[in-house]
Amino acid sequence: MASETPAVALDGVTRRYGDTTALKGVSLSVREGEFFTLVGPSGCGKTTTLRLLAGFETPTHGTVRFDGESVAGVPPEARDVGVVFQNYALFPHMSVGENVAYGLRFTDPPGGVSRDERVSTLLELVDLAGAEERDPDTLSGGQQQRVAMARALAPGPDLLLLDEPMSALDAKLRERLRVQVREIQRELGITTVYVTHDQEEALAVSDRVAVVRDGHIEQVGTPREIYREPATRFVASFIGDNNVLSGEVTDVGVGADGPAATVDVGGESLGVGLDSRDGVAVGDRLTFCLRPERLSLSGGETTLSATVTSTEFLGETTRAHLDWGGETLRLRTTDPPDGDVVVGFDPADAHVVAVER
Amino acid sequence: MPDAADGTGAGRRAGENRVRARLERYVLPAVAVGTVALLLVVFYYPVATVFVDSVLVEGQATLSVFVSILTDPFYVGDLAGLAAGESPLAVLGDLLSADRRLGVVGFTAYQAALSSVASVVLGLPAAYLLARYEFPGRRTLRSLTILPFVLPSIMVAVGFVATFGQSGTLNAVLGALGLGAVDLLFTLEAVIIAHAFYNAPLVARVTTAAWESVDASAVETARSLGASPRRAFLDVVAPQLYPSVLMGAALTFVFTFGTFPIVLALGGFQLATVEVFVYQLLRDFEYAEAAALAIVELVISLGLLYAYLRYEARHSARSRGIRPLPRRPLRPPSRSLGDLLPRAGLAAYGVVALTVFVAPIASMVYASVSGPDGLTLAHYEFLVRRQATAAAFQVTPWDAVRNSLAFGVGSLMLALPMGVVVAVLTTREYRGRKLVDAVGMAPLAVSSIVVGIGLLRGLVFGVEIGGTRLAVGGAVAIVAAHAVSGYPFVVRTVAPGLESVDQSLVESARALGAPRARVLTDVELPLVWPAVVAGAAFAFAISVGEFSATVVLATGTDQFTMPVAIERFIGRRLGPATAMGVVLLVVTAGSFVVIDRLGGAEGGF
């Protein structure tokens with residue numbers, strides 16, 4: 001993998017606007033055919049990253065590379081990228097067919113087919129076969145989104161850039177469309193960079209995810225890695241629901257599932273699994289996270305007593321907020337708890353995010 | 001997923017595409033460079049010549065001409081005392097005393113200030129009506145507010161003579177009512193009413209736009225927080241209107257400060273403004289003094305315009321997705337005082353508006369078909385006869401019409417691309433944009449007389465370059481001058497449209513492979529087409545109605561246009577002048593209709 005040239009790479013890219021720095025020396029690489037997602041809160045710099053790739057912005061420092069070659073000075077129209085915006089940006093004065101065909105004014109359709117054939121193939125691909133003559137205004141939000149997708153793909157770009165393409169749609173439609181987008185991406189094998197603030201969406205569709213915060217990358221990994229092994233406190237609390245706790249290490253030993261530390265949190269000793277014993281010593285301050293669904297009402301290797309303060313019914317599960325000696329813990333369960341409870345967890349399910357000496 | 005350019009045909013085509021794309025990448029910069037070059041040749045160079053004229057006396061660089069103007073009580077009135085060593089307090093005392101002397105410059109500023117006040121007073125009720133009431137024909141009326149602005153000023157002057165003159169319609173109406181006759185001609189009042197005719201609709205337009213962009217939910221929020229309707233208006237609505245009212249007043253001041261044809265025709269030389277004196281000095285071949293006076297005028301206008309642009313930049317907030325205030329029906333829904341009072345006020349305003357805006361045009365049309373013995377076509381017959389029998393020094397009506405149309409088309413062809421490119425350049429964000437904006441908009445503030453003198457002295461008389469004398473014909477100079485005065489209006493109509501085009505549409509097109517120039521022609525211009533058409537109509541109408549530069553350039557040639565012809569007639573024969581005015585009105589209105597049809601726009605402006 002290290003020898004393979006990434007399809008897209010950012011190399012120490014900084015972008016400043018006057019006094020504000022939108023990106024601070026970001027480096028990342030996207031592999032050929034990968035579905036790569038940038039996720040983070042609004043204003044974190046993820047859209048700026050996408051615009052740098054499209055060529056709408058230029059880096060203040062650093063280099064953007066496509067297939068190992070710098071694209072500095074290459075205007076957007078010469079980059080072979082397809083872009084889908086949050087508001088779809090369909091040309092209101094053109095029909096659906098003309099919208100999809102627009103990019104074919106500047107290049108020949110791939111595969112030696114005619115323009116009309118290419119347009120109808122693409123519309124078929126997005127389940128809008130025969131919509132050529134329609135006026136974009138008469139389409140629903142979901143349909144417009146698909147036309148934008150077809151338009152971006154029509155010239156056969158090397159890279160597809162999606163900027164929050166679902167955020168204007170309602171939740172159900174969003175779920176259905178993201179599956180469709182993912183299927184189309186797989187079918188074409190096109191390298192895709194997707195920007196979203198919705199962490200659930202990021203986990204659901206991506207090959208790999210980069211969590212962006214405040215102009216820098218916190219962590220890059222597969223959705224599973226990001227969810228199970230968050231590298232920082234921010235990632236732990238931004239991706240999914242989490243309990244983030246910290247305390248002093250009182251003992252380091254080997255438990256049933258490998259190395260583990262005993263951590264004093266608010267006077268109670270909790271067991272926390274370690275990847276290895278290296279780097280953690282008695283007296284360190286350890287920050288770890290524990291997913292709410294890993295806390296169990298039926299006990300576990302480590303137990304603690306808490307009081308239920310409120311519950312939220314979420315359908316298939318219930319989320320309970322527990323008061324544990326002043327700390328708030330969250331727990332996911334299928335049967336709603338009440339009053340004083342004893343909850344437990346397996347130290348291997350606790351994940352260390354930071355160690356301070 | 002690399003593109004497979006497998007077939008040789010596809011490969012060649014891709015190659016052609018690349019070449020075309022490269023060409024298209026340079027189209028915009030090329031037109032921009034062309035625009036700048038043209039501006040340099042037909043605007044900045046001539047204006048610079050005028051400037052040089054004013055500081056070069058017999059080959060010597062000197063500021064003496066300026067000094068003599070700025071210390072001459074004839075020009076600056078009591079302010080000249082400052083230069084003579086009087087204390088500022090004494091000068092202020094002189095200015096506040098009953099027998100103050102304003103001088104030509106002071107008088108010009110004074111009448112401009114009065115005109116601004118009159119325009120605001122006359123324009124605000126119209127804005128209130130247009131923004132807050134619903135009635136049949138509201139949209140049409142709103143569109144019509146643009147009309148006075150493009151009506152040729154000399155024609156309006158004819159209309160005013162026909163309305164407010166000794167034997168005008170006003171006196172006829174007053175006489176029928178058993179009231180005494182008034183003679184408003186050659187008074188300050190007539191000039192100010194004529195200026196209000198031009199500029200009150202401008203005030204109404206900008207204020208209506210601001211009023212319509214007030215978000216109803218802001219007013220509703222204020223009401224729910226305990227504000228009375230009056231307080232909600234004062235606290236929420238009014239602050240959003242002030243900038244527009246001020247803008248209308250500032251623009252009115254700038255425009256009327258440089259007024260020329262109106263004063264020339266309605267004021268006579270006893271009410272002369274700076275611009276009229278410049279013209280007079282020019283006719284007496286006093287180039288240095290004319291140029292210096294024009295520069296003084298220019299500095300004052302540009303200063304005001306700059307102050308205004310600074311203000312506008314600080315106060316332009318774009319509102320999006322607002323819900324405008326609901327309009328009330330014009331027919332009172334009940335007989336309560338609250339419903340009747342504002343409508344009665346509007347009715348009274350309607351009478352005044354009819355007198356100021358409709359009467360001059362109607363009177364002109366009426367006067368053109370009436371004589372001592374009732375209705376007659378004699379005035380038109382006179383025009384036809386003059387065409388056949390004119391002496392060499394007299395203007396021939398048909399040639400005036402033909403010249404006007406030819407110059408109009410020519411300057412339209414120039415002004416449209418210039419305006420569109422400057423609009424594109426001034427709606428992008430980049431360093432130096434403000435400078436481009438100022439340089440591009442300067443023709444709005446510089447008097448056409450100055451441009452006319454500059455063109456005459458610099459290009460028509462010829463320039464010596466390397467031993468060859470380069471000179472352009474009068475017609476070319478006139479077209480260039482018209483294009484220069486017309487294209488800022490193209491910019492002003494097209495730029496807001498371009499600004500409102502969603503950037504992601506532009507970016508989508510770029511990402512799909514379109515070079516910048518193609519995005520303009522494929523996406524942006526089609527979306528703002530009505531504005532382009534309106535800009536074209538403006539450019540044409542401005543050219544057809546342009547008087548100041550034309551009269552300078554056409555004197556002694558056969559390049560006279562309809563406005564020049566009217567001015568020749570107006571002194572001696574009001575009848576033929578009104579007939580010619582009607583012809584001009586028909587051509588101007590007709591051009592609007594034709595351009596609108598050609599453009600295929602639904603809305604127009």
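We use all heavy atoms of the structure for the numbers below, so side chains are in, but hydrogens, waters and symmetry mates are not. Within every chain, numbering begins at 1; the chains are lettered A, B, ... in the order of the sequence lines, protein sequences first and strands thereafter.
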Just how far is it from atom CG of A:Leu90 to atom CG of B:Asp502, taken to the nearest 0.5 Å?
10.5 Å
Of the backbone (N, CA, C, O) and the side chain (C-beta and beyond), which part of A:Ala152 lies under 4.5 Å from a heavy atom of chain B, both, or neither?
backbone
Quick check: do A:Phe106 and B:Arg518 have side-chain heavy atoms less than 4.5 Å from each other?
yes
Any salt bridge (charged side-chain N to carboxylate O under 4.0 Å, His left out) pairs touching residues 503-515 of chain B, not counting sequence neighbours?
A:Arg51-B:Glu507, A:Glu77-B:Arg510
Under a 4.5 Å heavy-atom criterion, the part of residues 91-102 of chain A in contact with chain B comprises A:Phe91, A:Pro92, A:His93, A:Met94, A:Tyr102
State, with a plain yes or no, whether a side-chain heavy atom of B:Ser508 is found less than 4.5 Å away from one of A:Val83.
no
Would you please name every residue forming a ring pair (Phe, Tyr, Trp, His ring centres under 6.0 Å) with A:Phe66, sequence neighbours left out?
none
Looking at side-chain heavy atoms only, is the closest gap between A:Tyr88 and B:Ser504 below 4.5 Å?
no
Might you confirm whether atom CD of B:Glu134 has over 12 heavy atoms from other residues, nucleotides or ligands at distances under 6.0 Å?
yes
Heavy-atom check, side chain of B:Asp522 versus side chain of A:Arg105, under 4.5 Å:
yes
Which residues in residues 122-145 of chain A have any heavy atom closer than 4.5 Å to a heavy atom of chain B?
none
